[in-house]
Amino acid sequence: QVQLVESGGGVVQAGGSLRLSCVASGGIFSIDRMAWYRQTPGKQRELVATITSGGTTNYADSVKGRFSISRGNAKNTVYLQMNSLIPDDTAIYYCNTRLSDLSIYWGRGTQVTVSS
């Protein structure tokens, strides 16, 4: 059983930066992909960024050039560096992992609020 714990959310002014972290425990040797999603009330959860076990990254168009996803040396940690934040980035950010058997796990989320 994989558990994911996010941290790093908070309140920041528009134009500022935040760095989110997610630490995975249990089953980490079979992680195929890690990702960040976000969700606002009344909207579907949307994909923000992904990183594969090989290091390939992918970003939503809305965050390209502003956000950067990376993994820690221990491979059980994923980061999301968020720069030039705008109010539309306000959301609960969720860490997600997909294992080699295609099972998927979610963290409980961390709130990011960008004030104008």
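- How far OH of Y59 is from OG of S68: 4.0 Å, rounded to the nearest 0.5 Å.
- By the 6.0 Å and 45° rule, R38 does not stack over the aromatic ring of Y94.
- No donor-acceptor distance shorter than 3.5 angstrom exists from the side chain of S21 to the backbone of S7, with no hydrogens or angles considered.
- Ring to ring, Y37 and W106 are close: their centroids are under 6.0 angstrom apart.
- The closest donor-acceptor contact from the side chain of E6 to the backbone of C95 lies under 3.5 Å.
- To the nearest 0.5 Å, the span separating CD on Q3 from OG1 on T97 amounts to 13.0 Å.
- Of all heavy-atom pairs between I31 and S53, the closest is O-CB, 3.8 Å.
- Closest approach of A60 and L47 over heavy atoms only: CB-O, 3.4 Å.
- Expressed to the nearest 0.5 Å, how far OG1 of T56 lies from CD1 of I69 amounts to 11.5 Å.
- In this structure, R66 contributes its side chain and S84 its backbone to a donor-acceptor pair below 3.5 Å.
- The CG atom of D89 sits 11.0 Å away from the OG1 atom of T40 when rounded to the nearest 0.5 Å.
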List the steps and the verdict of side chain to side chain contact (heavy atoms under 4.5 Å, CB included) for D101 and D32.
CA-CA 9 Å; D101 65 359; D32 175 56; over 6 Å; no

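- Hydrophobic clustering of Ile, Leu, Val, Met, Phe, Trp and Tyr side chains at less than 4.5 Å, counting indirect connections, unites L99 with W36.
- Here the CG-CG distance, from L80 to L18, works out to 9.5 Å after rounding to the nearest 0.5 Å.
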Given the rule in the side chain to side chain donor-acceptor pair (under 3.5 Å) test, do S17 and N83 qualify, once you have shown the distances and angles that lead to the verdict?
CA-CA 4 Å; S17 299; N83 299 325; 2.9 Å; yes

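- One distance of note links OH of Y93 with CE of M82; it measures 5.0 Å at 0.5 Å rounding.
- Residues V5 and M34 are members of separate hydrophobic clusters, defined by side-chain heavy-atom contacts under 4.5 angstrom among Ile, Leu, Val, Met, Phe, Trp and Tyr.
- With hydrogens and angles disregarded, no donor-acceptor distance shorter than 3.5 Å links the side chain of Q13 to the backbone of V114.
- Here the closest non-hydrogen pair linking D61 and K64 is OD1-NZ, 3.2 Å.
- Taking the centre and axis of the six-membered ring of Y79, the NZ or CZ atom of R71 falls outside the cone set by 45° and 6.0 Å.
- Under a 3.5 Å cut-off, the side chain of T110 and the backbone N or O of G9 do form a donor-acceptor pair.
- With hydrogens and angles disregarded, no donor-acceptor distance shorter than 3.5 Å links the side chain of N76 to the backbone of V23.
- A single hydrophobic cluster is not seen to contain both I92 and Y105; linkage of ILVMFWY side chains at heavy-atom distances under 4.5 Å, directly or through other members, places them apart.
- Nearest heavy atoms, A14 versus S116: CB-CA, 4.4 Å.
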